[in-house]
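In this text the structure is predicted, and so the values were computed from the model without any measurement.
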Amino acid sequence: SAPSRSALLRPAARMARWALWLLWLWACAARGAEITFELPDNAKQCFYEEVARGTKCTLEFQVITGGHYDVDCRLEDPDGIVLYKEMKKQYDSFTFTASRNGTYKFCFSNEFSTFTHKTVYFDFQVGEDPPLFPSENRVTALTQMESACVSIHEALKSVIDYQTHFRLREAQGRSRAEDLNTRVAYWSIGEAIILLVVSIGQVFLLKSFFSDKRTTTTRVGS
């Protein structure tokens with residue numbers, strides 16, 4: 001006999017429930033701050049994050065544009081103890097577990113630069129992603145659909161990470177190319193001006209060789 005309409009609609013309803021479940025998990029994922037900001041010369045910018053004790057955190061940053069693409073970074077716990085400190089770094093990543101509750105502070109400094117401002121990207125992740133399904137941490141095995149959802153979830157996270165890094169590399173490469181193009185343009189203009197000055201100088205020099213010099217004579221009477 002032909003399957004009933006309700007039987008045909010059951011897989012669609014089940015997939016809709018799985019989609020809503022995945023959207024809810026994405027909304028309840030680990031907190032994180034992902035910001036790109038301008039850091040002027042002789043300037044310092046600090047950020048603050050409330051972190052609970054025992055929470056695993058990761059700070060990742062990269063200088064996209066400006067100067068030698070380097071910046072100073074400093075991370076402190078609520079008591080002011082320095083957990084991480086690096087000078088003139090282009091890119092780095094640091095993972096730690098919070099030892100106490102409170103506000104953690106991390107600062108980026110461009111105080112060593114006098115003329116160039118920087119564009120800095122950072123990603124501060126607080127906590128880890130919750131499991132997709134409650135049965136992940138149990139002894140019971142996952143169903144085939146649950147296993148597929150877990151694999152898709154991990155693959156999507158990897159895709160997001162790769163896309164972020166490729167966007168940063170593309171922005172940094174574009175900045176380097178534009179800077180190189182500006183230098184080449186200025187150098188070409190300078191060469192054109194020098195060539196014009198030398199050409200005009202040679203014209204006047206050759207003209208002086210063929211110009212008639214008038215001589216005056218004076219007669220001395222007795």
#### Entry: Thr116 vs Asp41 side-chain heavy atoms within contact, under 4.5 Å
no
### Query
Between Thr36 and Thr119, is any pair of side-chain heavy atoms under 4.5 Å apart?
yes
#### Entry: Nearest heavy atoms of Gln125 and Asp123, plus distance in Å
NE2-OD1, 3.0 Å
### Task
Identify the two heavy atoms, one from Gly66 and one from Lys118, that lie closest to each other, and give their separation to 0.1 Å.
O-CD, 3.2 Å
### Query
In Å, rounded to the nearest 0.5 Å, how long is the span from OG of Ser188 to CZ of Arg183?
14.0 Å
### Task
State, to 0.1 Å, how close Ser99 and Arg53 come at their nearest heavy-atom pair, and which atoms those are.
O-NE, 3.4 Å
### Separation of Thr114 OG1 from Phe112 CZ (nearest 0.5 Å)
10.0 Å
## Note on the structure
d(Ser175 OG, Leu180 CG) to nearest 0.5 Å is 11.0 Å
#### Entry: Validation row: Cys73, Asp92 side chains within 4.5 angstrom (heavy atoms)
no
### Message
Return the CG to OG distance between Asn42 and Ser109, rounded to the nearest 0.5 Å.
### Response
9.0 Å
### Candidate pair Lys89 and Val71, rule side chain to side chain contact (heavy atoms under 4.5 Å, CB included), full reasoning
CA-CA 5 Å; Lys89 293 285 290 187; Val71 73; 5.7 Å; no
### Query
Can you check whether Glu191 reaches Leu195 side chain to side chain, under 4.5 Å on heavy atoms?
no
### Task
Show the numbers, then the answer: is there a side chain to side chain contact (heavy atoms under 4.5 Å, CB included) between Asp72 and Glu111?
CA-CA 9 Å; Asp72 297 342; Glu111 296 173 326; over 6 Å; no
### Considering all heavy atoms, the nearest Ala52-Ala98 contact
O-CB, 3.4 Å
### Query
salt bridge (Lys or Arg N to Asp or Glu O under 4.0 Å) with Lys56: which residues, sequence neighbours excluded?
Glu128
### Query
Is any side-chain heavy atom of Arg176 less than 4.5 Å from a side-chain heavy atom of Tyr69?
yes
### Task
Apply side chain to side chain contact (heavy atoms under 4.5 Å, CB included) to Asp70 and Val63, showing your working.
CA-CA 6 Å; Asp70 54 356; Val63 181; 5.6 Å; no
### Query
Above 12 or not: heavy atoms from other molecules or residues under 6.0 Å from NE2 of His165?
yes
### Message
Quick check: do Leu83 and Tyr104 have side-chain heavy atoms less than 4.5 Å from each other?
### Response
yes
### Query
Could you walk me through whether Val126 and Glu50 pass the side chain to side chain contact (heavy atoms under 4.5 Å, CB included) check?
CA-CA 9 Å; Val126 180; Glu50 287 287 338; over 6 Å; no
### Task
Check whether any side-chain heavy atom of Asn110 sits under 4.5 Å from a side-chain heavy atom of Pro40, and report yes or no.
no
### Reported SG-to-CD distance for the pair Cys107 and Gln45, which is rounded to 0.5 angstrom
8.5 Å
### Message
Which label fits Phe106 and Phe124: parallel for a plane angle under 30°, tilted from 30 to 60°, or perpendicular past 60°?
### Response
parallel
### From Phe108, Phe61, Tyr91, residue fulfilling ring-ring contact (aromatic ring centres under 6.0 Å, His included) relative to Phe122
Phe108
#### Entry: Tyr121 and its side-chain hydrogen bond (donor to acceptor under 3.5 Å, both in side chains) partner, picked from Gln172, Gln62, Glu60, Glu34
Glu34
### Query
Counting N and O atoms only, with roles assigned by atom type, does the side chain of Gln90 sit under 3.5 Å from a partner on the main chain of His68, one being a donor and the other an acceptor?
yes
### Task
Check whether any side-chain N or O of Asp77 sits under 3.5 Å from a backbone N or O of Asp79 as a donor-acceptor pair, and report yes or no.
yes
### Query
Could you state the interatomic distance from OG (Ser208) to CG (Leu205), rounded to the nearest 0.5 Å?
4.5 Å
### Task
Please examine the side chains of Trp187 and Val184, heavy atoms only from C-beta on, and report whether any two atoms are closer than 4.5 Å.
no
### Query
In terms of hydrophobic clusters joined by side-chain contacts under 4.5 Å, are Phe37 and Leu59 together?
yes
### Query
Taking the six-membered ring for Trp, is the centroid-to-centroid distance between Phe96 and Tyr84 below 6.0 Å?
no
